[in-house]
2 protein chains.
Amino acid sequence: MIKKKENNTEKQILEAAKNIFQQKGMDGARMQEIADTAGINKSMLHYYYRSKQKLFDAVFKSAINLMAPKIIKIVETDEHLFDKIRSFTNKYISFMNKHSFIPTFIIQELNRNPDMIKEVFISKFDDSISEKLKKQIEELVEKGGIKPIKPEHLLINIVSMSIFPFMAKPLLSAVLQKNEKQYKQLINERKMHVAEFVIDAIKIK
Amino acid sequence: MIKKKENNTEKQILEAAKNIFQQKGMDGARMQEIADTAGINKSMLHYYYRSKQKLFDAVFKSAINLMAPKIIKIVETDEHLFDKIRSFTNKYISFMNKHSFIPTFIIQELNRNPDMIKEVFISKFDDSISEKLKKQIEELVEKGGIKPIKPEHLLINIVSMSIFPFMAKPLLSAVLQKNEKQYKQLINERKMHVAEFVIDAIKIK
DNA sequence: ATTTTTGTCAACCAAACGGTTAAACTATAT
DNA sequence: ATATAGTTTAACCGTTTGGTTGACAAAAAT
């Protein structure tokens, strides 16, 4: 029982499944289209992954595993809060530029089936993810470095301003009358803009 | 050819279609489930609306017509910028509290088929929606009332922080470990919080 | 060399899907 | 009363869907 051939079929399938599922979601994706994209027979999908649901689970898990570590790492470092904010917006927006379908995909599928989050969180975030951030913010508030703010709101604000522009791209680029290039540039500006905007909002001068 | 009976069937259908389409999207919605929800025979769906697509269009248009006027009105008033921001966050978050599926629905379907936005915008926003807001911001910047900021970014920031918490509710309530009630309260706090956060970020003290 | 395991494919299948039909029913107009 | 137009339903239809089967080929193991 040693490996045979180049076992790239399984990877080709997963790659194709990512493309289709992330763009069209569980409901909109078709097994035939995934097979066509992978350039293989539809039966192969069921040979390597037993069902559409199982194949979807693999894609979803892969998307989560790509995003979650980036959040945790940044939140858990010992940097100053302001630098944490700068790191987060910069790296997060860069990441989403490369994987532009992932945030919409995750949030859309989580809305379709909110129970999926449990499987994710049990393994990934054992303790409260924001406990450390919480304390850091509260200390800074007491020291007089920043205005009082609920850690929850600060976190929601940063994440919202980072992710939403990707999800609402069709809407926002139409409202703001930007073409593809202009909108991409606008988003790149936000790597720094969002961080400075947030810091300006909480800093005591 | 005068009206017969209570012609409530058509409205029952639209109401049921709103529920199903807004929660499950075009791809996930089933005509049979809409019929069951409305408590009528499936043929009635095709009798009043000719196809799934036409029925969907009616639901989508209704969602747009519910949201768009609220944006336009607030942007077009002659209030001071700060009051505009306060009005917007307050009224928008209140609105979404009552119609919690609409923002996700619109953005999800717009991602599925970005061309739909054209039909919407041609009729609704003849001129650039943000032209007025743009000038107002630029004047305030020159007068020294607020820090320099691209109107596009300010608009994206406000809209992001208002809408995203509704779209990402399953994710955020899990990360922040909030139950239904706690999360709802957190969102209610944001009616004021987002406005003051934005004002703090741009105001020169 | 041949048996066994693993991989691939075309053809097939039952269920679910959006949509149609034709007949029955209801209410108004004549 | 009867014709007429609008409304509702059960049964049906062709297509698409996720999934299966069985034959066949390619490696590995013996």
Side-chain angles (χ1 to χ4, degrees), chain A residues 1-63 105 108-109 112-113 115-116, chain B residues 1-63 105 108-109 112-113 115-116:
Chain A
M1 38 203 250
I2 304 167
K3 279 166 200 167
K4 316 244 174 110
K5 267 189 166 177
E6 317 150 40
N7 185 9
N8 53 3
T9 302
E10 192 171 351
K11 284 174 187 170
Q12 276 175 268
I13 291 176
L14 193 63
E15 209 52 44
K18 278 183 197 171
N19 282 330
I20 303 301
F21 273 129
Q22 287 177 10
Q23 287 185 50
K24 309 203 166 181
M26 174 66 166
D27 293 332
R30 297 290 158 245
M31 294 296 268
Q32 187 61 60
E33 193 179 0
I34 294 174
D36 291 346
T37 304
I40 47 95
N41 189 282
K42 182 164 69 88
S43 298
M44 290 287 92
L45 303 184
H46 295 93
Y47 182 76
Y48 286 102
Y49 304 82
R50 282 178 37 194
S51 65
K52 185 185 184 183
Q53 185 63 49
K54 290 258 167 60
L55 181 52
F56 171 84
D57 289 347
V59 171
F60 189 79
K61 196 172 280 183
S62 140
F105 170 67
Q108 184 183 124
E109 296 301 325
R112 198 178 55 84
N113 182 8
D115 290 336
M116 282 197 300
Chain B
M1 41 203 257
I2 304 168
K3 282 167 200 167
K4 315 244 174 109
K5 265 189 168 178
E6 318 151 40
N7 185 12
N8 55 2
T9 302
E10 191 170 352
K11 284 174 188 171
Q12 277 174 265
I13 291 176
L14 192 64
E15 208 52 41
K18 279 183 196 170
N19 282 331
I20 304 301
F21 274 128
Q22 287 178 8
Q23 288 186 49
K24 310 205 167 181
M26 173 66 165
D27 292 332
R30 297 289 158 245
M31 294 295 268
Q32 187 61 60
E33 193 180 359
I34 295 173
D36 292 345
T37 303
I40 47 95
N41 190 284
K42 183 164 68 90
S43 297
M44 291 287 89
L45 303 183
H46 295 93
Y47 180 76
Y48 286 101
Y49 304 82
R50 282 180 35 196
S51 66
K52 186 184 184 184
Q53 185 63 49
K54 292 256 167 62
L55 182 52
F56 172 84
D57 289 346
V59 171
F60 189 79
K61 196 172 280 181
S62 140
F105 171 67
Q108 182 182 126
E109 296 303 324
R112 200 178 53 86
N113 182 9
D115 291 336
M116 281 197 302

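Note that the structure is predicted; figures quoted are calculated from it, not measured. Quick note: numbers below take in every heavy atom, side chains included, and nothing from hydrogens, waters or symmetry partners. Here is the naming used below: chain letters follow the sequence lines, and residue numbers restart at 1 for every chain.
Of the candidates C/dT8, D/dT9, D/dT20, the closest approach to any side-chain atom of B/N41 belongs to D/dT9.
In this model, no side-chain donor or acceptor of B/T9 finds a partner on the base of D/dT7 within 3.5 Å.
Rounded to a whole Å, the CD atom of A/E10 is 15 Å from the C1' atom of C/dT8. For B/F56 and C/dG19, the CZ to C1' distance is 19 Å, given to the nearest whole Å. A straight line from CD of B/E33 to P of C/dA16 spans 14 Å, rounded to a whole angstrom. One atom, CD1 of B/I13, and another, C1' of C/dG19, lie 14 Å apart when rounded to the nearest Å. We find that OH of B/Y47 is positioned 17 Å from C1' of D/dA10, with the value rounded to whole Å. Rounded to whole Å, atom C1' of C/dA27 lies 15 Å from atom CG of B/N8. At whole-Å resolution of the value, CG in B/L45 and C1' in C/dT21 are 16 Å apart. What separates CE of B/M44 from P of D/dA11 is a distance of 16 Å, to the nearest Å.
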Show me the donor-acceptor pairs within less than 3.5 Å that the side chains of residues 20-29 of chain A make with the rest of the protein, sequence neighbours left out.
{"unit_1": "A/K24", "atom_1": "NZ", "unit_2": "A/E33", "atom_2": "OE1", "d": "3.3"}
{"unit_1": "A/K24", "atom_1": "NZ", "unit_2": "A/E33", "atom_2": "OE2", "d": "3.2"}

Without placing hydrogens or testing angles, list every side-chain donor-acceptor pair under 3.5 Å for residues 53-62 of chain B, not counting sequence neighbours.
{"unit_1": "B/Q53", "atom_1": "NE2", "unit_2": "B/D57", "atom_2": "OD1", "d": "3.0"}

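When the side chain to side chain donor-acceptor pair (under 3.5 Å) test is applied to A/Q108, no partner is found at least two apart in sequence or on another chain. Applying the side chain to side chain donor-acceptor pair (under 3.5 Å) rule to A/S43 yields the partners A/N41; only residues at least two apart in sequence or on another chain are considered. Under the side chain to side chain contact (heavy atoms under 4.5 Å, CB included) criterion, B/N113 pairs with B/D115, B/M116, sequence neighbours left out.
In this structure, the separation between CD1 on B/I34 and CD1 on B/I13 is 9.5 Å, given to the nearest 0.5 Å.
Counting non-hydrogen atoms under 4.0 angstrom, A/Y48 reaches the backbone sugars and phosphates but no base.
Side-chain atoms of B/D36 and B/Q32 form a donor-acceptor pair, as typed in the model, at a separation below 3.5 Å.
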List every contact pair, protein side and nucleotides 14-18 of chain D side both N or O, where the distance is under 3.5 Å.
{"unit_1": "D/dT17", "atom_1": "OP1", "unit_2": "A/R30", "atom_2": "NE", "d": "3.1"}
{"unit_1": "D/dG18", "atom_1": "OP1", "unit_2": "A/A29", "atom_2": "O", "d": "3.3"}
{"unit_1": "D/dG18", "atom_1": "OP1", "unit_2": "A/R30", "atom_2": "NH1", "d": "3.3"}
{"unit_1": "D/dG18", "atom_1": "OP1", "unit_2": "A/K52", "atom_2": "NZ", "d": "3.0"}
{"unit_1": "D/dG18", "atom_1": "OP2", "unit_2": "A/M31", "atom_2": "N", "d": "3.2"}

